[in-house]
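Chain letters run A, B, ... following the sequence lines, proteins first, then strands; residues in each count from 1.
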2 protein chains.
Amino acid sequence: MSTPTGPRRRADAVRNRQLALEAATALLSEPGASLTVEAIAKRVGLGAATVVRAFGGKDALLDAAVSGLLEPLVRRARDLLAETTPTRALHVFLRELLAFQTAHHGVNDQLGGLDLPATTALRADLVRAVEEMIDGARREGTVRTDLDPGVTTTLIGQTALAVARAQPPSQELADAYLTVLLDGLRPPSAP
Amino acid sequence: MSTPTGPRRRADAVRNRQLALEAATALLSEPGASLTVEAIAKRVGLGAATVVRAFGGKDALLDAAVSGLLEPLVRRARDLLAETTPTRALHVFLRELLAFQTAHHGVNDQLGGLDLPATTALRADLVRAVEEMIDGARREGTVRTDLDPGVTTTLIGQTALAVARAQPPSQELADAYLTVLLDGLRPPSAP
DNA sequence: CGATAAGTGAAATGTGCGTTCCAGTTGATT
DNA sequence: AATCAACTGGAACGCACATTTCACTTATCG
């Protein structure tokens with residue numbers, strides 16, 4: 001496929017687009033951030049119009065920002081699945097997922113009414129990867145099989161969201177979640 | 001204390017106030033409900049102004065509605081503490097708490113930026129009751145003691161919230177949560 | 001350079017929502 | 001029935017945001 005030659009893009013516009021993306025990404029990790037276009041613009045000394053235009057709308061900007069955060073996480077999940085046993089992948093990944101949610105508190109908070117296609121797709125990838133881990137772990141006998149696999153996945157996802165919503169989010173709380181979740185997911189009579 | 005004699009209150013105003021409260025309460029249990037003053041008003045055929053005036057503001061209306069839902073739950077928690085052992089109270093109450101969240105999906109969803117004093121107070125009561133259950137259950141040896149009690153309470157509360165946010169909320173999911181949570185909360189080497 | 005299209009941001013516009021106004025209506029009291 | 005304060009709801013207002021406009025600026029290229 002050939003890169004379609006659109007109208008010329010000026011270097012400063014490209015740089016401003018990058019600045020806006022970084023500002024949005026930074027705000028996503030701050031608990032009380034307002035996440036308005038003006039707030040994002042002010043953070044890098046741009047006008048609101050410039051920020052919006054660079055992405056064609058606020059939704060697209062946030063979609064890009066969230067996707068940028070999610071992408072490495074999805075890659076990590078896939079890598080773990082390839083490198084190690086499902087059980088170990090599940091344990092390691094859950095720890096990292098909860099740490100991610102603790103660090104990027106705002107990622108799932110104010111995003112309710114927005115249309116974020118790339119983010120939605122990445123989330124689906126994440127769910128698929130976790131399902132694979134659970135499926136494998138069940139086969140290995142380290143995860144209980146008396147629950148529906150899909151329900152188990154949802155449970156894990158919602159648990160991750162819950163960590164992000166705690167006030168304040170703390171690593172201690174995330175650790176407690178992980179401990180309880182993993183113990184609760186074990187087969188009722190396993191070591 | 002004597003009831004302060006304010007201006008006369010007409011019967012239809014009292015009735016409309018009640019209608020508005022019921023409409024708000026009903027909307028709180030509907031997943032996709034918009035929860036705007038207009039939506040509440042339209043539901044009972046009143047004007048938006050009337051609905052707002054009856055409570056002195058949207059926040060006060062929702063505070064009353066949510067409190068009305070929460071009150072029986074708090075009473076139930078206290079009753080269980082008085083009637084039975086902490087362990088049994090914890091198990092029974094958790095099941096009912098999750099059922100409540102499943103039924104009243106919207107209660108915690110769109111309420112972020114609002115000021116709800118009565119609701120906040122009731123929530124604190126609820127937290128206190130659950131803390132008491134956990135404390136007692138720990139003493140009875142049915143809940144693990146390697147986690148901070150406060151963290152354990154937060155964990156339970158966030159789990160309840162997570163149930164409400166699932167799409168769609170189902171009793172099956174709530175049951176799965178309960179199973180995993182209770183198994184995970186047991187001391188690592190208990191039956 | 002000089003020409004010109006791309007880019008910029010302050011201000012204008014549009015939208016959704018809670019709240020307030022006010023002219024008209026209605027329940028209560030005598 | 002007559003009076004009057006309480007009540008009502010459509011319209012106006014205020015506010016917070018996202019988005020668009022447009023006169024001005026600036027990077028880019030011959």
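Rounding to whole angstrom units, CG of residue L114(B) and P of dC17(C) are separated by 14 Å. At whole-Å resolution of the value, CG in N16(B) and P in dT26(C) are 13 Å apart. Following rounding to the nearest Å, L111(B) (CG) and dG18(C) (C1') show an atom-to-atom distance of 16 Å. Taking atom CG of residue L19(B) and atom C1' of nucleotide dT8(D), one finds them 14 Å apart after rounding to whole Å. Nucleotide dT8(D) holds its C1' atom 12 Å from the CZ atom of R15(B), rounded to whole Å. Whole-Å rounding puts the K42(A) NZ to dG9(C) P distance at 13 Å. As a whole-Å value, the separation of I40(A) CD1 from dG9(C) C1' is 16 Å. Atom C1' of nucleotide dT25(C) and atom CG of L46(B) are separated by 15 Å, given to the nearest angstrom.
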Could you pull out all donor-acceptor pairs under 3.5 Å where a side-chain atom in residues 72-84 of chain B meets a protein atom, sequence neighbours excluded?
| residue | atom | partner | partner atom | Å |
| --- | --- | --- | --- | --- |
| R76(B) | NE | E96(B) | OE1 | 2.8 |
| R76(B) | NE | E96(B) | OE2 | 3.2 |
| R76(B) | NH2 | E96(B) | OE2 | 2.8 |

Can you give one letter per nucleotide of nucleotides 18-30 of chain D, 5' to 3': B if a protein heavy atom sits under 4.0 Å from the base, S if only from the sugar-phosphate, - if neither? SSBB----BSS--
Apply side-chain contact (heavy atoms from CB on, under 4.5 Å) to residues D63(A) and D59(A) and explain how you reach the verdict. CA-CA 6 Å; D63(A) 196 23; D59(A) 289 12; 6.0 Å; no
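Checking side-chain atoms of T87(B) against main-chain N and O of T142(B) turns up no donor-acceptor pair under 3.5 Å.
Every residue two or more places apart in sequence or in another chain that forms a side chain to side chain contact (heavy atoms under 4.5 Å, CB included) with A174(A) is listed here: L98(A), T102(A), V163(A), Q171(A).
Under a 4.0 Å N-O distance rule, the pair R15(A)/D12(A) does not qualify as a salt bridge. Under a 4.0 Å N-O distance rule, the pair R186(B)/D183(B) qualifies as a salt bridge.
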